[in-house]
Each structure stands twice: as structure tokens, then as C-alpha cells.
Asker: 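Input: one structure, supplied below.
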Amino acid sequence: MKRRIYQDLLEWKNSKDRKPLVLEGARQVGKTYILKAFGQQEYENMIYINCHNNVFMNSLFEQDFNMERILRSLAAYANQVITPNKTLIFLDEVQDVPNCMASLKYFCSTIDETDKRKH
């Protein structure tokens, strides 16, 4: 079942200045379904973590916002390799981990700094 939002997700994926995506909406309307389908169809692999009552996720964001540490920990937790532009990291119910939401701006600045060092 394709939805109009799927095209918006493709545009986000293909954007040169892509930032972390936060999908908000009413409960039980298919947000998780569409993001899982998108991840499975558009990425080589996807890491899906439900943050609701997730002790690991709460502890992961309590220390600091060091994105290299966080990405290594997420990869280990999911037992997957995170490959830029090939792995979708989908954190569901992220509002249950307040520091995770706050970390998104640091993720963007870390990616920006990495890109600057490459050029």
C-alpha cells in the first residue's frame, strides 16, 4: 500500500542537505508501517529500535551526545553495520527518550563536520 507520504520520504532520502527526520502524527495511522516499508524497500539495511520502555536507549543518551559513540552503540545493539546512505536508522517512539530528541541537532553538526573534513 503506497501512500502520498512515500514520495515525501523519497525526496527526503535524495536531498543533498538531508537532516534527521521526525515523523509526527496521530496515533495508529500507519507511521511505523510506512517507515518500515520505506526502509526495507529503499535501503540496503535498516536498524529498527523501539524506544518505548527501552532501558538501553535511555542509558545511551544519558552520557553525552558523542555521535561516534552513539552510532557504534546502536550498531552493536542491533548487531548490524551502519553504512552511510545505505542504512536507515529508525528510532520508533523516540519521544520516550527525551535526550535522544535533543541529540538530533548534534547528529547534524557531526555529519556536517565529517563532510567538511572530506573536502
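Quantities reported herein were computed from a predicted structural model and do not represent experimental measurements.
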Asker: Is there side-chain contact between Asp96 and Asn53, with heavy atoms separated by less than 4.5 Å?
Answerer: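 With C-beta onward as the side chain, the pair stays apart.
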
Asker: So Leu60 and Val97, do their side chains get closer than 4.5 Å, heavy atoms only?
Answerer: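 A side-chain contact is absent here, since even the closest heavy-atom pair is not under 4.5 Å.
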
Asker: Any donor-acceptor pair under 3.5 Å linking the side-chain atoms of Asn50 with those of Glu93?
Answerer: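 No, because no side-chain N or O of Glu93 sits under 3.5 Å from a partner of the opposite role on Asn50.
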
Asker: Taking the cut-offs as 6.0 angstrom to the six-membered ring centre and 45 degrees off its axis, would you call Lys36 and Phe90 a cation-pi pair?
Answerer: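 That pair does not qualify as a cation-pi contact.
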
Asker: For residues Val94 and Leu104, determine if any side-chain heavy atom of one lies less than 4.5 Å from a side-chain heavy atom of the other.
Answerer: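 In short, these two side chains do not touch, never coming nearer than 4.5 Å.
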
Asker: Applying a strict under-4.5 Å side-chain criterion to I, L, V, M, F, W and Y, I'd like to know whether Leu88 and Leu10 cluster together.
Answerer: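 Yes, because Leu88 and Leu10 connect within a single hydrophobic cluster, where side-chain heavy atoms sit under 4.5 Å apart.
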
Asker: Is it possible for you to say whether Phe65 and Tyr77 belong to one hydrophobic cluster, with membership spreading through side-chain heavy-atom contacts below 4.5 Å?
Answerer: yes

Asker: What's the spacing between Met67 CE and Leu74 CG if we round to 0.5 Å?
Answerer: 9.0 Å

Asker: Is the count of non-hydrogen atoms from other residues, nucleotides or ligands lying under 6.0 Å from Asn14 atom CG greater than 12?
Answerer: yes

Asker: How many angstroms lie between atom CG of Leu23 and atom NZ of Lys31, to the nearest 0.5 angstrom?
Answerer: 7.0 Å

Asker: Hydrogens and angles aside, do Tyr6 and Glu42 bring a side-chain donor and acceptor to less than 3.5 Å of each other?
Answerer: yes

Asker: Could you check Ser73 against Arg69 for side chain to side chain contact (heavy atoms under 4.5 Å, CB included), going step by step and ending with a plain yes or no?
Answerer: CA-CA 6 Å; Ser73 297; Arg69 177 190 61 80; 4.3 Å; yes

Asker: Would a hydrophobic clustering, with Ile, Leu, Val, Met, Phe, Trp and Tyr connected at side-chain separations under 4.5 Å, put Phe56 with Ile82?
Answerer: yes

Asker: So do Met57 and Leu91 actually touch side chain to side chain, heavy atoms under 4.5 Å?
Answerer: yes

Asker: Can you sort out the partners of Arg72 under salt bridge (Lys or Arg N to Asp or Glu O under 4.0 Å), two or more places apart, ordered by chain and number?
Answerer: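 Arg72 satisfies salt bridge (Lys or Arg N to Asp or Glu O under 4.0 Å) with no other residue.
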
Asker: With a 4.5 Å limit on heavy-atom distance, are the side chains of Trp12 and Lys19 in contact?
Answerer: no

Asker: Taking only residues two or more places apart in sequence, or in another chain, which ones meet Lys86 in a salt bridge (Lys or Arg N to Asp or Glu O under 4.0 Å)?
Answerer: Glu44

Asker: Quick check for you: to the nearest 0.5 Å, what is the distance between Leu71 atom CG and Asn66 atom CG?
Answerer: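 One finds 9.0 Å between CG of Leu71 and CG of Asn66.
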
Asker: Decide yes or no for Lys13 and Phe38: does some side-chain heavy atom of the first lie under 4.5 Å from some side-chain heavy atom of the second?
Answerer: yes

